[in-house]
Asks: 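Pasting in a structure now, in structure tokens, and then I'll have a few things to ask.
Each chain gets a letter, A, B and so on, in the order the sequences are listed, and its residues count up from 1. Atom set for the values below is all heavy atoms of this structure, side chains included, hydrogens, waters and symmetry mates excluded. The model shown is predicted, which means the values in this text are computed figures rather than measured ones.
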Amino acid sequence: MMDIRRLDRTKNHPDLLLHIDKALCLACGACVAVCPPDALFLQGLRLTVDQATCTDCDRCAAMCPVGALSLVPVSAPLVPIPPSPISSNGRHSS
Amino acid sequence: MKAQYDVIIAGAGPAGSAAAIRAAEAGLSVLLLEKRQEIGVPVRCGEATDVKTPLRFMPFDPRWLHNRIDHFAVYNAQGERVVVPPSSETIIVDRRVFDQALANQASALGADVYASSTVIGLLHDEHGTVCGVRLKQFGTERAVRARLVIAADGTESQVARWAGLKTIPPLADYYTGIQFLLGNLRGRIDPRICEYHIGVESLAPGGYLWVFPKSGDTANVGVVIAADRARPISARAWLERFVARRCPGASILSVMAGGIPITGALKRMTTDGLMAVGDAAHQADPLTAGGIGLGMIGAEMAMQVAAPALQAGDVSARRLQAYERLWRDQFGRMHAALYNMRRILTRMTETHFDALVRTAAAMPLETMSLPDIVVGLLKNHPGLLLEARTLVSTGLLLK
């Protein structure tokens with residue numbers, strides 16, 4: 001497995017990743033509607049982000065009614081990203 | 001479920017069910033699909049609508065009527081208010097019961113209706129025309145063919161996006177919102193009055209708060225703010241502040257959230273073999289974001305064009321575009337005016353708006369026409385003239 005961020009030139013902020021705060025998220029889907037690359041998925045009450053598709057554009061974070069989305073620094077050293085779609089929950093020790 | 005239908009509709013909200021009703025009435029075979037486990041749930045809406053539009057689609061049923069509204073009150077941040085009667089008879093509905101009644105009406109007319117059935121992709125023929133959907137129902141995937149697909153899957157519509165229709169507007173043209181169903185409000189709300197609270201700096205940046213009474217002691221209380229002004233303070237935080245001030249000690253019976261585009265309808269709402277209706281086509285009112293009645297009318301217009309098109313065996317975008325013209329002729333100018341009005345309200349300082357409400361509160365509004373009201377306001381606030389010109393040019397006022 002390799003680190004997708006090193007390959008993907010579409011990232012706006014290679015040093016940032018989208019983080020979903022599951023404790024705050026109401027699974028309303030407001031973010032899904034504004035995601036240009038279609039990288040957010042709502043399955044039932046579970047919101048997931050496909051980090052490989054996400055361009056860190058930050059629109060979803062602006063849109064979130066409860067402030068559950070944010071771009072967080074990638075913790076060093078870089079960790080491999082598992083296949084998508086994946087949950088970002090618990091993968092960042094910000 | 002059959003292997004082929006005349007029309008497949010993705011989404012059983014008011015617009016989707018309205019489309020299903022009109023399609024079934026036209027003698028077409030209809031499949032109406034809802035991805036959620038229960039139609040109408042979760043409710044993501046203030047639940048206010050005009051009463052006339054739904055009644056053109058289904059008979060009245062007291063089970064979906066929560067409350068009748070006599071007046072709207074617009075408050076400034078100082079608590080001063082203007083009270084006006086609604087432009088058409090307004091009710092607060094129980095969206096869960098309402099949406100299910102509409103879907104059931106479609107069903108009674110012959111449509112096949114399924115919840116827990118998600119459209120996961122579109123089928124295209126060799127010319128690229130949409131000719132059906134792939135769907136997932138109870139864990140099983142299948143393909144169902146259709147002569148026409150209707151995208152009625154709401155603000156986060158993926159069906160319209162797959163068909164290449166969906167544009168994603170700038171964040172300034174989105175509301176992000178949250179609503180509480182509050183209880184324990186007896187004596188603190190007037191069940192006959194819908195309240196709007198506007199304060200672009202201190203209450204709801206770029207948006208407004210509402211109190212829509214569902215009964216004598218419960219109300220939908222919510223906020224929308226412009227998505228480009230939603231940080232660092234989230235919509236939820238603005239709502240909590242308001243509730244703490246307006247009705248401290250109220251109980252929160254339910255929490256619902258969502259986002260809504262407030263651009264006015266998409267320019268392109270059709271492609272070969274597909275039409276978008278309701279929130280999927282951004283048909284909500286670009287000032288208040290109300291969209292129940294508008295979505296149903298949009299769906300009706302779509303079927304008005306689609307039924308004869310199907311009869312003639314021509315579902316090309318060129319033919320279906322008559323729907324876009326129908327919409328533009330009826331709502332184009334009004335939506336442009338409401339859009340501009342929101343921009344004006346958003347740019348106005350809070351002090352200015354406060355003063356405007358104060359002036360209007362002293363006027364006998366119930367006996368005045370809209371142009372009279374505008375003239376009265378302009379006398380006291382000549383600065384408004386510049387902004388009023390925008391409204392005149394878009395046709396809302398003083399035609």
Asks: Please report the shortest heavy-atom distance between V32(A) and R161(B), naming the atom on each side.
Replies: O-NH2, 3.5 Å
Asks: Measure V255(B) against the heavy atoms of chain A and call it side chain, backbone, both or neither at under 4.5 Å.
Replies: side chain
Asks: Of all of A227(B), A257(B), G259(B), which one pairs up most often with chain A through heavy atoms under 4.5 Å apart?
Replies: A257(B)
Asks: Can you see which heavy atom on R59(A) is nearest to which on Y174(B), and at what distance?
Replies: NH2-CE1, 3.9 Å
Asks: Does any heavy atom of chain A fall under 4.5 Å from the side chain of I260(B), the backbone, both, or neither of them?
Replies: backbone
Asks: Give the member of T155(B), L171(B), T118(B) that has the highest number of heavy-atom pairs under 4.5 Å with chain A.
Replies: L171(B)
Asks: Please flag which part of A27(A) lies under 4.5 Å from any non-hydrogen atom of chain B: side chain, backbone, both or neither.
Replies: neither
Asks: Which one wins on heavy-atom pair count under 4.5 Å against chain A: P261(B), A235(B), S234(B)?
Replies: S234(B)
Asks: Would one find more than 12 heavy atoms of other residues, nucleotides or ligands at under 6.0 Å from atom CZ of R36(B)?
Replies: yes
Asks: Is there a side-chain contact between R236(B) and L26(A) in this structure, where contact means two heavy atoms from C-beta onward sitting under 4.5 Å apart?
Replies: no
Asks: C64(A) versus chain B, heavy atoms under 4.5 Å apart: side chain, backbone, both or neither?
Replies: backbone
Asks: If you apply the rule side chain to side chain contact (heavy atoms under 4.5 Å, CB included), what do you find for E156(B) with L40(A), and how did you get there?
Replies: CA-CA 11 Å; E156(B) 63 264 37; L40(A) 287 157; over 6 Å; no
Asks: Tell me, side chain or backbone of Q37(B) under 4.5 Å from chain A's heavy atoms, or both, or neither?
Replies: neither
Asks: Pick whichever of A230(B), P232(B), G177(B) has the most heavy-atom pairs under 4.5 Å with chain A.
Replies: G177(B)
